[in-house]
Amino acid sequence: MLKKTAITLFTALAAATFICSCEQTEVPQDQDLTQYVDLYIGTGDHGHVFMGADVPYGMVQLGPSSITEGWDWVSGYHYSDSIIFGFSHTHLNGTGIGDLQDILFTPTVGDVKLAKGVHNDQKSGYYSLFRRETEKAKPGYYAVHLDRYNVDVELTATNRVGFHKYIFPASDASAVVINLADHMNWDKPTEGYLVQENDSVISGYRYSEGWANKQRLYFTAVFSKPMKQFEVADAGKAVSGTSLTAEKVYGVAKFDTQENEEIYVKVALSPVSIENAKLNMQAELAGWDFEQVIKDADKAWNAELNKIQIQTTDEQVKRIFYTALYHTMVAPSTFQDVNGDYRGSDGKTYEKADFKNYTTFSLWDTYRAAHPLMTIIHPEKVNDMINTMLHIYQQQGKLPVWHLVGCETDCMVGNPGVIVVADAILKGYAGFDKELAYEAMKNSMLLDERGLGYYKEFQYIPYDKEDEALSKAMEYAIADWSLAQVAKEMGKTEDYEYFSKRSKVYQHYFDKEKGFVRGLSSEGNFRPNFDPFAAPHREGDYVEGNAWQYTWLVPHDIAGLVESFGSKDKFVTKLDSLFTVKGNLGEGASPDISGLIGQYAHGNEPSHHVLYMYPYVGQPWKTADKVREVLYVLYHDQPAGLSGNEDVGQMSAWYVLSAMGFYQVEPAGGKYIFGSPILDEAVVRVKGGKIFTITAHNNSKDNKYIQSVKLNGKDYDKFYIDFKAIEAGGTLEFFMGDKPSDTWGINDEVIK
């Protein structure tokens, strides 16, 4: 009897253990993953990525800035350059816009001219040349030698504080220049202020305008060694006193130094005040342990990178993957002090906010992949992102379009903030006021600005009323569809029907005879002299694209787009030709149209979902072919390793998701379409500490076609996986082969 009871008890315990192990996989140990991040990837060609020291989603991006201006220098750094003007505390990562690069510090030796200077004449300013072999860069750390001054520079950072280490030669003319005066690209100072508070503290602010039209940044700087003298200069001309308010303010902190003497500088930022900058300093970096801050930054990056642990025999893939994952977390950036204060979109200070406020929302780019990735691996941040957007709505009357340092730039087209908020709601995030979120989305879509008035009047935007009208309308339609899905979930039937109807605006533009979307006049006529290849920058019907690319911008209604073509066969034939057709984009074409495979442009975001349309029509192997081509050809581990702008993490988020084997096509709700994983395994930490493991069996460069799929050990015949299944944790298994499957994913009814 006892024996039988023991056996029964053992069986019960074993069964319980088995059940438990299926529900919750043990969290894997953290690995050293920052070693695989190569900060040079994307610094060449047109990647425009940030180079320097930061922590995930930090306010500070501390790195080098050059005197060189232009499109490829908008981040302040380009791999082809050998000039460093100084080390500024804010940078953009992979945009086409040259803002920020504020509060620039430069160690110098000897008399220098306080000016930016010109190329090939160092005496015209105070910039220095440097040699690439003296650089060191890893997440949270940057180092370089300034040849002109024989000074070694090392940088690290906390969220709100930049930490500088300068190693000077012996000199009685060593100095640190604080530059609030010079513009970087098209940023322009409007007012600067510096004050020496004592022999080791300088504070101030920089007001400027550019793409963000009303920038405000405050700081305090503490030196590890007392200054022997501090001077201020107005537009390069010395003035008496130790404080100055002017349009173009410089400060010079002077020192006597011994050979190899180390001077440290801590620079805390605040969007609100100098006093708050001091609070940030005290909270984040009260001490002077430079090496510990480097370790802490590395630890912070490793904590985030370990949210996805991968297995692959290809070391290049590992470097590309973790660099991409790193790039998705440079921004959005903290825009709030440690006490909760932040500067709102209306210019007012909001105190002690009960959420984390962010900025740098490149939403036209990031709604497509970066935010869908965030909903999987950063659930703790999603509610704060949405709360930030809702407060922006309350302050400026609409959800953000492209928001930067408390300013609405209105850059790009559509209402992408609506899409991101809708996606969070449909995925079950609830740490915000859902009714306010709905109000924000609806009111943002019912404004009259940026072509929306014509959109309501005509049910499309005519080209004779608005520039780039077609692209604006088609992006609005994606937001309409996203809002409609939320309306449906919330039982708002009338709104659901209204916005669903508007989401089909592409049907007005679709020319069935030509098989393209085309500009439409207010009288209902297609624009004459049609050339589907033409892509004039900021002119015509399309934003950074042409008819070949924009015809597919219907990620929310692929079934309807198929019907517009007249049949599935016609749709597939046209889609096939996208990747092979050749044509001239014309003079003055947007430089963003890059990474071309035929007319598919991976270097720009409107194309990013197109590769994943084939599974909707029962031909998933074509997605596998194209996804593998992009993953292996258009991404690599060299400075020119991106085929277009990083665009604040979007280009890299596409890689991260696609490398794991799926991508969110429909803009909101979380239907991730299968492609072709290049990783053998990805262990993903999801909401609630659960683990979602993706395994690709028999995977190789040749074995790129999915033969079958299992979800949690059971056969799975869908061509996508829902967000809820990922969020719940479990296992997704791909079984790969070298030929397309003649059974999996070929259902003729698949698009329904």
Side-chain angles (χ1 to χ4, degrees), residues 363-364 367-368 386 389-390 392-394 396-401 410 412-429 432-463 465-466 468-510 517 519-522 524 550 553-564 665-671 751-752:
L363 296 169
W364 182 83
Y367 86 78
R368 305 169 202 266
I386 303 304
M389 294 183 188
L390 297 184
I392 290 172
Y393 160 71
Q394 291 176 313
Q396 69 177 26
K398 65 181 180 183
L399 287 168
V401 180
D410 277 328
M412 306 313 294
V413 296
N415 261 335
V418 171
I419 302 168
V420 173
V421 174
D423 190 42
I425 292 173
L426 294 172
K427 287 175 176 174
Y429 282 96
F432 48 86
D433 186 332
K434 191 173 178 179
E435 287 294 337
L436 175 63
Y438 188 82
E439 172 195 313
M441 290 188 291
K442 182 176 178 179
N443 287 349
S444 296
M445 293 307 300
L446 293 177
L447 296 172
D448 290 329
E449 62 168 27
R450 299 184 301 124
L452 275 168
Y454 298 124
Y455 189 64
K456 291 185 290 186
E457 178 183 353
F458 292 92
Q459 285 76 58
Y460 62 94
I461 303 178
Y463 70 76
K465 300 290 186 181
E466 192 86 12
E468 302 176 320
L470 182 147
S471 292
K472 291 177 179 177
M474 291 185 71
E475 288 284 359
Y476 283 136
I478 296 171
D480 278 335
W481 180 89
S482 303
L483 173 54
Q485 307 318 300
V486 178
K488 182 178 181 181
E489 181 182 275
M490 296 177 69
K492 302 178 186 291
T493 304
E494 186 175 343
D495 284 354
Y496 168 71
E497 292 174 351
Y498 173 74
F499 290 108
S500 290
K501 182 179 179 181
R502 286 207 328 188
S503 75
K504 297 184 182 295
V505 69
Y506 69 92
Q507 294 176 348
H508 291 285
Y509 292 117
F510 194 88
V517 291
L520 204 60
S521 73
S522 55
Y550 269 89
L553 192 63
V554 193
H556 56 291
D557 188 19
I558 293 173
L561 183 61
V562 172
E563 291 177 5
S564 295
V665 172
E666 295 172 12
K671 186 182 287 184
I751 61 171
K752 298 181 181 179

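Given the structure is predicted, the values throughout are model-derived calculations rather than measurements.
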Practice prompt. May I ask you to check whether Tyr454 and Asp448 show a side-chain donor-acceptor distance below 3.5 Å?
Written response: no

So, Asn443 and Tyr393: side-chain donor and acceptor under 3.5 Å apart, yes or no?
->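 Side-chain D/A pair, Asn443 to Tyr393: present.
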
The ring-ring contact (aromatic ring centres under 6.0 Å, His included) partners of Tyr498 (sequence neighbours excluded) come to none

Across all chains, not counting sequence neighbours, the ring-ring contact (aromatic ring centres under 6.0 Å, His included) partners of Phe510 are Phe565

Any side-chain heavy-atom pair from [X] and [Y] closer than 4.5 angstrom?
X: Val420; Y: Leu363; result: yes
X: Tyr429; Y: Asp423; result: no
X: Leu390; Y: Leu399; result: yes
X: Tyr438; Y: Lys492; result: yes
X: Lys442; Y: Asp495; result: yes
X: Trp364; Y: Val413; result: yes
X: Glu457; Y: Lys465; result: no
X: Met474; Y: Val554; result: yes

Review point. Yes or no on side chain to side chain contact (heavy atoms under 4.5 Å, CB included) for Gln485 and His556, after CA distance, side-chain angles and deciding distance?
Key: CA-CA 11 Å; Gln485 307 318 300; His556 56 291; over 6 Å; no

Does Lys501 have more than 12 heavy atoms from other residues, nucleotides or ligands lying within 6.0 Å of its NZ? no

Closest non-hydrogen atoms of Pro462 and Ser522, given as atom of the first, atom of the second and distance, are CB-N, 3.4 Å

Here the pair of heavy atoms bringing Ala479 nearest to Met445 is CB-SD, 3.8 Å

Is it true that [X] and [Y] have a side-chain N and a carboxylate O under 4.0 angstrom from each other?
X: Lys488; Y: Glu494; result: no
X: Lys434; Y: Glu489; result: yes
X: Lys398; Y: Glu449; result: yes
X: Glu666; Y: Arg368; result: no

* Assess whether side chain to side chain contact (heavy atoms under 4.5 Å, CB included) is satisfied between Ile419 and Trp481, documenting all intermediate values. => CA-CA 9 Å; Ile419 302 168; Trp481 180 89; over 6 Å; no

Contacts of Tyr455 meeting side chain to side chain donor-acceptor pair (under 3.5 Å) (sequence neighbours excluded), chain-then-number -> Asp480

Exercise. In this structure, which one of Tyr463, Tyr460, Phe458 forms a ring pair (Phe, Tyr, Trp, His ring centres under 6.0 Å) with His508?
Worked result: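 Exactly one option meets the ring pair (Phe, Tyr, Trp, His ring centres under 6.0 Å) with His508, and it is Tyr460.
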
When you measure from the side chain of [X] to the backbone N and O of [Y], does any donor-acceptor pair fall under 3.5 Å?
X: Ser503; Y: Ser500; answer: yes
X: Arg502; Y: Ala477; answer: no
X: Asn415; Y: Ser444; answer: yes

Query - Worked check of side chain to side chain contact (heavy atoms under 4.5 Å, CB included) between Tyr550 and Leu470 - result: CA-CA 9 Å; Tyr550 269 89; Leu470 182 147; 4.2 Å; yes

| said: Evaluate Ser564 against Tyr506 for side chain to side chain contact (heavy atoms under 4.5 Å, CB included), listing each step before the verdict. | reply: CA-CA 9 Å; Ser564 295; Tyr506 69 92; 3.6 Å; yes

